[in-house]
Amino acid sequence: MKTIAIFITIVVFIFPSMSEAVSPEAIQSLTAKLENWDVEGIWPEVKEALAKEPRDALLLELASQIAFHRGDYKESLKLMKLAMEVGGENDTRRGYALLTEETINVLTPFKRYESPHFVILLDEKQDGILVDYLTDALEKTYQIMAQQYGFQPKDKVRVELFPDAKAFYLASTLSVRDIEVTGAVGLTKFNKLQFLSPKALVYGYRWLDAISHEYMHYLIVKLTSNKAPIWLHEGLAKYEETRWRNGPSYLSFLYQTLLARALAERKLISFDRMEPSLIRLETPEDVQLAYAQAASAIEFIIARAGHERLREIMNRMASAATRGASEAIREVLGLQFPEFEEKWREYLASKDLKTADGVALHRYKVKEGRADEQRLDMEEIKSLVARNRAHLGDRLKERGRISAAVIEYRRAMAETRNSVPIMNRLSSALIDLGRDEEALDILNRVKEISPDHPTSYTQLGQIYLKLKDFKRAREAFEDSIQINPFNPEVHLGMANACEMLGDHSGAAKEREIAKKLGR
């Protein structure tokens, strides 16, 4: 599974008591612009109104929310406290003040970086090594989407990277359950992009695809005036999230399998059930099926009418009176929404999707201890017999009895085919024995059924270095870094590949990162 992004709409509460200086119509107009994230456009109007009515509680509350959307958190807190002082407390004001205080506490020690189109805040000590990769992915996404959708933000987009689940929760309100069950590692909210450091998870995740995914949510908010339904949000973000790296289609073996089974069993998730957020779905399988469906709906629109008509649908949504895509789809595609859904299901069935044995959801497990990966790998082996044989193989390998370990790993695989933890163990032992071709066959199978596991790419990189296939070695190490960038061995391997390909500056950068990570 790729990354899961959650889009949450902010609701600004309007209270009936207003001063004569600020009309209800003016407040409603400003509120609508805030909901569309037109924060720089309305900030001068609100400042001017505050100069005339500095103790209007409703205006102070609105100004606080605008300041928060602008990233001026201290000003936001000051204004919200003043709103509570002059207008009294309520749940909305207290909640906003608490969120603002927590955000300030979390972000104060962070270091700020700027690229041509982004402002990035992160924990320098832990995540400073990620900056170059992050800005590269973001700027590539910006350029590609500017060309594809004509979207170029006037102001630099804010990006906040959180070092652990606690900090992420305090600034985003996403819980450990949201992360582990629904894969909610990224969030587009309050006119900014937020995401969790891959170091916070046991296996990491496709963190660069995740931030590209979040940028697509930002684009959709702006192009649709925040009126797009969740299926269009998540579908387009999923469909485009790998474009920045010329990556694979959304239709992985996993998504093909989920869609094929849902079609055969008539268990597709309705678009209405996806609202208001995919985190409301109960299981990881439901969440990933919803992503696959939504992305396939976007693919259907593009296949039927092209990117230009998709852009037109989003533009029509921006000018619509209500939220949703039904009217825009009717106007642009000439289909009532029930007919659109029927045509999409026919399109999906026509793809002749196949199920694949052994495909597995990506594991989003918050890190708790140093031995987490080994323990969780063992727990993932469902057969007790296979688990015991794998454990015996590990002990033999530790004692240098590699050939004996290979025998036990193969016996374990006979008990439970396509077990990624066992396959990775077996390929590692085969590499130690110099049986690289056998290891390559296994690792290429792992890539198919579990394309987001960093270990397989690390081992592939090592093999390709030995075979002097430096281009493939670099590609494999790049994949590993895009999932778990905190393994110094990967950066050393990447440095060697770059050096042999004549990229001396890239090699020097990778060696410096390996040094920072302790090698």
Would you call [X] and [Y] a salt bridge, using N to O less than 4.0 angstrom?
X    : Y    : result
E415 : R410 : no
D286 : R273 : yes
D479 : K447 : no
E341 : K343 : no
K140 : D136 : yes
D377 : R363 : yes
K397 : D432 : yes
K466 : D436 : yes
R425 : D394 : yes
R345 : E342 : no
E299 : K351 : yes
K471 : D469 : no

Looking only at the aromatic ring of each residue, does the gap between the centers of [Y] and [X] stay below 6.0 angstrom?
X    : Y    : result
H307 : Y149 : yes
F271 : W344 : yes
F477 : Y464 : no
W231 : F340 : yes
F190 : F68  : yes

How close do [X] and [Y] get, counting heavy atoms only, and between which atoms?
X    : Y    : value
F151 : L223 : CD1-CD2, 3.9 Å
E331 : R316 : OE1-NH1, 2.9 Å
K227 : S319 : NZ-C, 4.3 Å
A184 : I279 : CB-CG2, 4.2 Å
L208 : L134 : CD2-CA, 3.9 Å
A328 : M317 : CB-CG, 3.9 Å

Please check: side-chain N/O of [X] versus main-chain N/O of [Y], any donor-acceptor pairing under 3.5 Å?
X    : Y    : value
T135 : D132 : yes
N226 : N36  : no
E275 : P229 : no
R206 : P451 : yes
R387 : M378 : yes
H491 : P485 : yes
Y218 : P153 : no
S456 : H453 : yes

**OP:** Could you give me the CA-CA distance, side-chain angles and deciding distance for E380 and K382, then say whether salt bridge (charged side-chain N to carboxylate O under 4.0 Å, His left out) is met?
**Re:** CA-CA 6 Å; E380 193 172 306; K382 302 307 179 185; over 6 Å; no
Polar side chain donor-acceptor pair, [X] to [Y], under 3.5 angstrom:
X    : Y    : value
D127 : S197 : yes
Y364 : E180 : no
S212 : E240 : no
T355 : T257 : no
S427 : Q459 : yes
E234 : H213 : yes

Can you check whether [X] reaches [Y] side chain to side chain, under 4.5 Å on heavy atoms?
X    : Y    : answer
M413 : L426 : yes
Y239 : I302 : yes
I449 : M423 : yes
V157 : K192 : no
T188 : H233 : no
L251 : L353 : yes

Subject >> R261: partners by salt bridge (charged side-chain N to carboxylate O under 4.0 Å, His left out), with sequence neighbours left out >> reply: none
More than 12 heavy atoms of other residues, nucleotides or ligands under 6.0 Å from [atom1] of [X]: is that the case?
X    : atom1 : value
R472 : CZ    : no
E265 : CD    : yes
R435 : CZ    : yes
R395 : CZ    : no
E379 : CD    : yes

Within this structure, what is the [atom1]-[atom2] distance for the pair [X] and [Y], rounded to the nearest 0.5 Å?
X    : Y    : atom1 : atom2 : value
L254 : L259 : CG    : CG    : 9.0 Å
Q148 : T141 : CD    : OG1   : 13.0 Å
Y169 : I179 : OH    : CD1   : 11.5 Å
E478 : M494 : CD    : CE    : 4.0 Å
E312 : M314 : CD    : CE    : 11.0 Å

Lys NZ or Arg CZ of [X] over [Y] ring: under 6.0 Å, within 45°:
X    : Y    : value
K238 : Y291 : yes
K156 : F118 : no
R309 : F300 : no

**OP:** In sequence, state the C-alpha distance, the side-chain angles, and the governing distance for E510 and R474, and then conclude on salt bridge (charged side-chain N to carboxylate O under 4.0 Å, His left out).
**Re:** CA-CA 11 Å; E510 294 296 330; R474 180 170 63 182; over 6 Å; no
Subject >> side chain to side chain contact (heavy atoms under 4.5 Å, CB included) assessment of N484 paired with Y203 >> reply: CA-CA 7 Å; N484 174 21; Y203 301 101; over 6 Å; no
**OP:** Dump the intermediate steps for salt bridge (charged side-chain N to carboxylate O under 4.0 Å, His left out) on D209 and R245, then the final yes or no.
**Re:** CA-CA 9 Å; D209 288 353; R245 61 182 174 96; 2.8 Å; yes
